[in-house]
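All remarks here apply to the structure that follows.
Within every chain, numbering begins at 1; the chains are lettered A, B, ... in the order of the sequence lines, protein sequences first and strands thereafter.
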Number of protein chains: 2
Amino acid sequence: MTEKSNFPTNMDHDQWFWDVLNAYLIQQSLKQTRQRKVVVEEFLKLDRHVDAEDLHNIVRKRDPRVGLATVYRTLNLLKEAGLADQKSFRDGRSVFEVHRPDHHHDHLVCLDCGKIMEFENEEIESLQNQVADKLGFKLTGHRLDLYGHCLKRNCMPDAKV
Amino acid sequence: MTEKSNFPTNMDHDQWFWDVLNAYLIQQSLKQTRQRKVVVEEFLKLDRHVDAEDLHNIVRKRDPRVGLATVYRTLNLLKEAGLADQKSFRDGRSVFEVHRPDHHHDHLVCLDCGKIMEFENEEIESLQNQVADKLGFKLTGHRLDLYGHCLKRNCMPDAKV
DNA sequence: CTTTGTGCAAACCCTTTGCAAGCAG
DNA sequence: CTGCTTGCAAAGGGTTTGCACAAAG
């Protein structure tokens, strides 16, 4: 993009993420800090739904000085930058995931092991629009979560999401 | 049902609700109290999505001695009896609604006025099952919320849900 | 009487915030 | 240097819970 981003990264396929983030930081006069770097790197590395506490534990292994509040603040920053989505499948606790602009999807959650799968279905989306039209709504978004049991043999009750 | 329910009600079309509730109370050796009566009556009378605080305010007009905790406890009791559903459209706050066994529906929420409409669409349900099948899940439930703007002229920003 | 229910306030859980000290720019 | 950031702990907001008293069965 513009010359060079200060946050280094080895993973080319995540370059877009760092580019957007760095642009956002500069635009908002925010700073690139050690803590933000670690939190974002681990968040990207995980590449799955994760809650703040889990991410905090992971980050602490690399840098024990990072506080939970900073993890929350960084995740909220990513949300504001449009780089992360926040969901709450289990009531009272949020999970975050990387927002990939070109990839809308809904979720399928296993009630036994907590596994979260993603899917997309254009027919469903189209029907949603029809429903909204019929009821006189201008649809701007939706949330579709399917709940059930995955049939994998390694589905462990109470496993970590 | 069994002879006679002690909780009286004038509204015949809600009789099924009181019957189920009384049966549940007896079966669980729970008691019929003045507070439960008032909370449930007002909940039924409203017949819309309501949160605990709102319901508490309404109940207090009839009986100022009823505490918020009792409202929560009563709503949870109804949930356990299968008579109420709990949803959380706005993050961090739950709303409750009467669960009508024969009437499954999803929700359409106006982001301006908070109005909640209900709809059902069998095509969508069927597609959900197809998706779950394809991904190797046994589907047991789902949640579909549509978000948008209602086109009514009386749509007031920040109106009460 | 025995057991469950209630009101109150305190506890909880997750998340946010105030503040003084720490750093990036 | 200036002002955004951080860590810590305290505060917040909705919901639950412990306790002693009230009340249903």
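- What separates CD of B:Q27 from C1' of C:dT4 is a distance of 16 Å, to the nearest Å.
- Summarising the geometry, the separation between NZ on A:K37 and C1' on D:dT6 is reported as 18 Å, rounded to the nearest angstrom.
- Closest-nucleotide positions on DNA chain D for A:V66 and B:L30 were compared, and the one nearer the 5' end corresponds to A:V66.
- Look at A:R36 and you'll find a side-chain N or O under 4.0 angstrom from OP1 or OP2 of D:dT5.
- Taking only side-chain nitrogens and oxygens, B:T70 never comes nearer than 4.0 Å to OP1 or OP2 of C:dG5.
- In this structure, B:R34 atom CZ and C:dG7 atom C1' are separated by 11 Å, rounded to whole Å.
- Of the two residues contacting DNA chain C, namely B:P64 and B:Q28, the nearest-nucleotide position lying further toward the 5' end is that of B:Q28.
- Inter-residue side-chain proximity for A:R36 and A:L25 is flagged as met; some heavy-atom pair is nearer than 4.5 Å.
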- Let me see the working for B:H107 and A:H142 under ring-ring contact (aromatic ring centres under 6.0 Å, His included), right down to the final yes or no. CA-CA 10 Å; B:H107 296 91; A:H142 72 266; over 10 Å; no

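- For the side chain to side chain contact (heavy atoms under 4.5 Å, CB included) with A:L78, the lone residue among A:F96, A:Y24, A:F17 that qualifies is A:F17.
- Looking at heavy atoms from C-beta onward, B:T74 lies out of side-chain contact with B:Q35 at the 4.5 angstrom threshold.
- As rounded to whole Å, 13 Å separates atom P of C:dG5 from atom CG of B:L78.
- Heavy-atom minimum distance, B:G148 versus A:F137: C-CD2, 4.2 Å.
- Between the CZ atom of A:F89 and the P atom of C:dC14 there is a distance of 17 Å, given to the nearest Å.
- Look at CZ on B:R60: it is 13 Å from C1' on C:dT6, rounded to the nearest Å.
- No side-chain heavy atom of B:K134 sits less than 4.5 Å from a side-chain heavy atom of A:F119.
- A side-chain N or O of B:D19 and one of B:Q15 form a donor-acceptor pair less than 3.5 Å apart.
- Remark: B:Q35 is not in phosphate contact with D:dA22, judged by side-chain N or O atoms under 4.0 Å from OP1 or OP2.
- Rounded to whole angstrom, the span from the NZ atom of A:K31 across to the P atom of D:dT6 amounts to 10 Å.
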Protein-proximity profile, nucleotides 9-21 of chain D, B/S/- by nucleotide at the 4.0 Å heavy-atom cutoff, equals -----SSBBB---

